[in-house]
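Just below is one structure, and these are the notes that go with it.
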Protein chains: 2
Amino acid sequence: MNGKAPNTPERPRSLEARIQEHLSELPSSERKLAELILDFPGELSAYNATELAKLAGVSKAAASRLFKRLGFANFEEARRLVRDIKQWGSPIYLHERQQDSSPLPSESQSFLSDHVAALTRTFEQLDEEDIEAALHRIVEARRIWLVGFRNSYFMAAYARWQFIQFRRQVHLLPHAGETFGEHVTEFGEDDLLIAVGMRRRVPELARVMHAAHERGVPVLYLTDSLSSDKKPVATWTLSCDISSSFLFHTYVGPMGLIHYLSVQAVRLAGKSGRVRLEDIEIAHEQVRDFD
Amino acid sequence: MNGKAPNTPERPRSLEARIQEHLSELPSSERKLAELILDFPGELSAYNATELAKLAGVSKAAASRLFKRLGFANFEEARRLVRDIKQWGSPIYLHERQQDSSPLPSESQSFLSDHVAALTRTFEQLDEEDIEAALHRIVEARRIWLVGFRNSYFMAAYARWQFIQFRRQVHLLPHAGETFGEHVTEFGEDDLLIAVGMRRRVPELARVMHAAHERGVPVLYLTDSLSSDKKPVATWTLSCDISSSFLFHTYVGPMGLIHYLSVQAVRLAGKSGRVRLEDIEIAHEQVRDFD
DNA sequence: CCGGCCATGAAATTGAAATTTCAGGGCCGG
DNA sequence: CCGGCCCTGAAATTTCAATTTCATGGCCGG
């Protein structure tokens with residue numbers, strides 16, 4: 001029994017920190033593994049000890065010993081630490097960050113790149129044909145109905161705000177427990193329904209879309225790219241990427257898309273004479289006046 | 001038993017794709033788990049089947065069955081697929097899409113870079129101290145009131161949706177012509193008011209903020225960096241860059257900021273014991289209650 | 001050249017996670 | 001109301017990774 005007294009207060013330091021601390025005193029085979037970990041490219045916690053050992057070219061025993069020596073009860077504990085730090089943020093980062101030099105910068109940096117990635121993927125996968133067709137309808141429809149539940153509600157609200165900058169008759173369907181009946185029966189052939197349905201969707205959404213479809217109302221469906229391919233009936237479908245490596249999804253993708261639709265719709269409306277110059281002023285209003 | 005003819009070319013579809021394909025025919029308990037996976041924000045392969053089952057609130061048996069049904073030999077195979085695909089970057093379907101659809105109409109490219117620029121500037125100018133302080137209050141406040149008018153309304157709605165994922169008593173003040181009087185008188189010292197005021201602001205906003213201030217309620221003010229410097233009274237101010245070279249402002253910055261606040265608040269709440277790990281389920285709740 | 005010390009990996013052992021089994025129970029069609 | 005069908009989670013079983021043991025061999029001081 002190696003009488004290694006674990007009198008350390010056992011506060012959670014990051015795995016890398018622990019390795020640095022012990023690096024000099026590690027035997028060769030364990031050090032090989034430790035160095036592998038230090039410049040490991042991917043998500044360490046997605047691998048198991050056996051694989052890591054193989055990658056480093058050492059025996060499983062060495063791996064086991066290494067994590068013990070680093071102060072973990074076992075490999076599983078180490079893996080969990082790595083995983084949770086990623087998901088929950090290092091408690092250290094938030095509290096003891098006076099010590100380390102580059103504390104949050106890098107953290108918020110990774111949020112930024114997460115958003116940028118989502119945006120990029122969203123714009124990459126846009127279907128220009130559907131967009132083109134939808135834009136025409138957005139401009140020409142007599143009335144536009146917008147619907148979105150739960151997390152999709154605010155995007156519908158955003159879209160409405162944008163659209164009323166350049167046209168009339170843009171209605172946001174109520175989202176509370178209220179019934180849609182009265183609105184749905186109002187749907188007319190010249191209308192357009194824009195349904196925002198990011199995960200996770202509720203059955204109501206499909207019902208409204210279906211109702212519109214039955215009445216011959218075209219449906220523009222904004223969804224996320226992970227959604228099922230047995231999509232609800234929709235005339236045009238535009239998907240966004242909302243994936244993020246943090247706890248919550250990111251909606252910068254949909255925001256970018258709606259912004260894009262808005263700008264292009266105004267252009268189109270202007271071209272077709274449906275927006276007169278003075279109407280565009282409305283749009284500019286928010287830009288210009290500083291009050 | 002498994003009548004699944006394995007003559008399928010078995011090209012590696014992403015886990016998500018496989019789930020989509022089978023989603024409709026999955027029994028409820030397996031579907032619950034499948035939904036959890038589709039919504040899973042983090043690194044799936046860092047979790048084991050037992051943990052996933054627990055998060056989804058189903059038995060380990062269900063998890064085991066699910067992966068079998070999706071065509072994997074066992075859970076381990078699925079985990080490895082996820083891990084390796086991640087390593088390779090984007091999932092297959094993104095790749096295929098990229099090929100045929102024209103690279104990027106340069107026009108939408110410039111929208112993209114506009115958004116990215118706004119996001120970057122937003123994250124660059126974040127005041128970490130204010131954020132830190134605001135986060136604590138977000139976690140500890142008894143009640144949170146959110147207010148936003150016009151174009152700011154949907155951001156307040158988004159923030160509310162995020163915050164109710166991990167805490168109670170988050171209220172979105174009505175935005176219609178309704179009077180705030182009744183709500184404002186309710187403001188208590190333990191509360192927090194979050195005011196979203198992107199240009200162009202209306203006088204009501206300053207009034208509500210002022211009312212809160214008078215009652216000793218701290219105010220977190222989310223605004224845009226172009227706002228006039230005669231700011232309303234606010235305890236903490238966080239500004240975003242919303243400028244865009246197109247007709248409308250872009251709100252990806254505020255969205256990123258709110259996302260950031262949400263994730264960090266959950267982390268903080270977890271540390272202070274206000275959200276225990278198993279309460280992540282709240283966040284994943286949206287996954288579960290679909291029947 | 002010996003003898004203590006220690007690192008090492010193969011192999012045995014342990015132990016946790018995954019799978020399978022099984023009894024209970026809901027649902028549906030007859 | 002019955003009977004088959006299938007889903008379900010608890011528990012038994014199996015599987016396989018992780019740990020421990022142990023024989024070997026290198027290194028160094030005497």
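To find a chain, count down the sequence lines: A is the first, B the second, and so on, and within it residues start at 1. Computed over heavy atoms, backbone and side chain alike; hydrogens, waters and symmetry mates excluded. What you see is a predicted model, and the numbers here were worked out from it, not measured in a lab.
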Options C:dG9, D:dG9, C:dA18, nucleotide nearest the side-chain atoms of B:A62:
D:dG9
Is there a donor in the side chain of [X] and an acceptor in the side chain of [Y], or the other way round, less than 3.5 Å apart?
X      : Y      : result
B:H259 : A:T250 : no
A:S243 : A:R121 : yes
A:D114 : A:S244 : yes

Could you list all N or O pairs between the protein and nucleotides 3-6 of chain C that sit under 3.5 Å apart?
none

For atom [atom1] of [X] and atom [atom2] of [N], their distance in whole Å:
X     : N      : atom1 : atom2 : answer
B:R79 : D:dC16 : CZ    : P     : 14 Å
A:R80 : D:dA18 : CZ    : C1'   : 15 Å
A:Y47 : D:dA17 : OH    : P     : 16 Å
A:N48 : C:dA17 : CG    : C1'   : 12 Å
B:E25 : D:dC7  : CD    : C1'   : 15 Å
A:L52 : D:dT19 : CG    : P     : 12 Å
B:L66 : D:dC7  : CG    : P     : 13 Å

Can you check each nucleotide of nucleotides 19-24 of chain C against protein heavy atoms at under 4.0 Å and return B for base, S for sugar-phosphate only, - for none, in 5' to 3' order?
BBB---
With sequence neighbours left out, write down each residue that passes salt bridge (charged side-chain N to carboxylate O under 4.0 Å, His left out) with B:R143, or none if nothing qualifies.
B:E186, B:D191
Looking at residues at least two apart in the chain, or sitting in another chain, which of them share a salt bridge (charged side-chain N to carboxylate O under 4.0 Å, His left out) with B:E77?
none
Less than 4.5 Å apart, any side-chain heavy atom of A:T223 and any of A:C240?
no
Are B:R18 and B:F72 in a cation-pi setup, meaning NZ or CZ lies under 6.0 angstrom from the ring centre and within 45 degrees of the ring axis?
yes
Tell me the closest heavy-atom pair linking [X] and [Y], and the distance in Å.
X      : Y      : result
A:L238 : A:D127 : CD2-O, 4.0 Å
A:L26  : A:R69  : CD2-CD, 3.8 Å
A:A63  : A:A49  : CB-O, 4.2 Å

Given that both pair distances must be under 3.5 Å and the pair must be Watson-Crick or G-U, what runs of three or more consecutive pairs involve DNA chain D?
C:1-30 with D:1-30
Would you sort out whether A:L146 and A:H171 count as a side chain to side chain contact (heavy atoms under 4.5 Å, CB included), showing the intermediate values?
CA-CA 6 Å; A:L146 280 154; A:H171 305 287; over 6 Å; no
Between A:Y153 and B:Y158 (judged by ring centroids, cut-off 6.0 Å), do the two rings come close enough to count as a pair?
no
Are the ring centres of A:F111 and B:F123 closer than 6.0 Å?
no
Starting from the C-alpha separation in whole Å, work towards a yes-or-no answer on side chain to side chain contact (heavy atoms under 4.5 Å, CB included) for B:V263 and A:F248.
CA-CA 7 Å; B:V263 172; A:F248 298 119; 3.9 Å; yes
Under 4.0 Å between a side-chain N or O of A:T50 and OP1 or OP2 of D:dA18?
yes
Enumerate the residues from residues 26-33 of chain A whose closest heavy atom to DNA chain C is under 4.0 Å, giving them by residue number; use none for an empty result.
A:P27, A:S28, A:S29
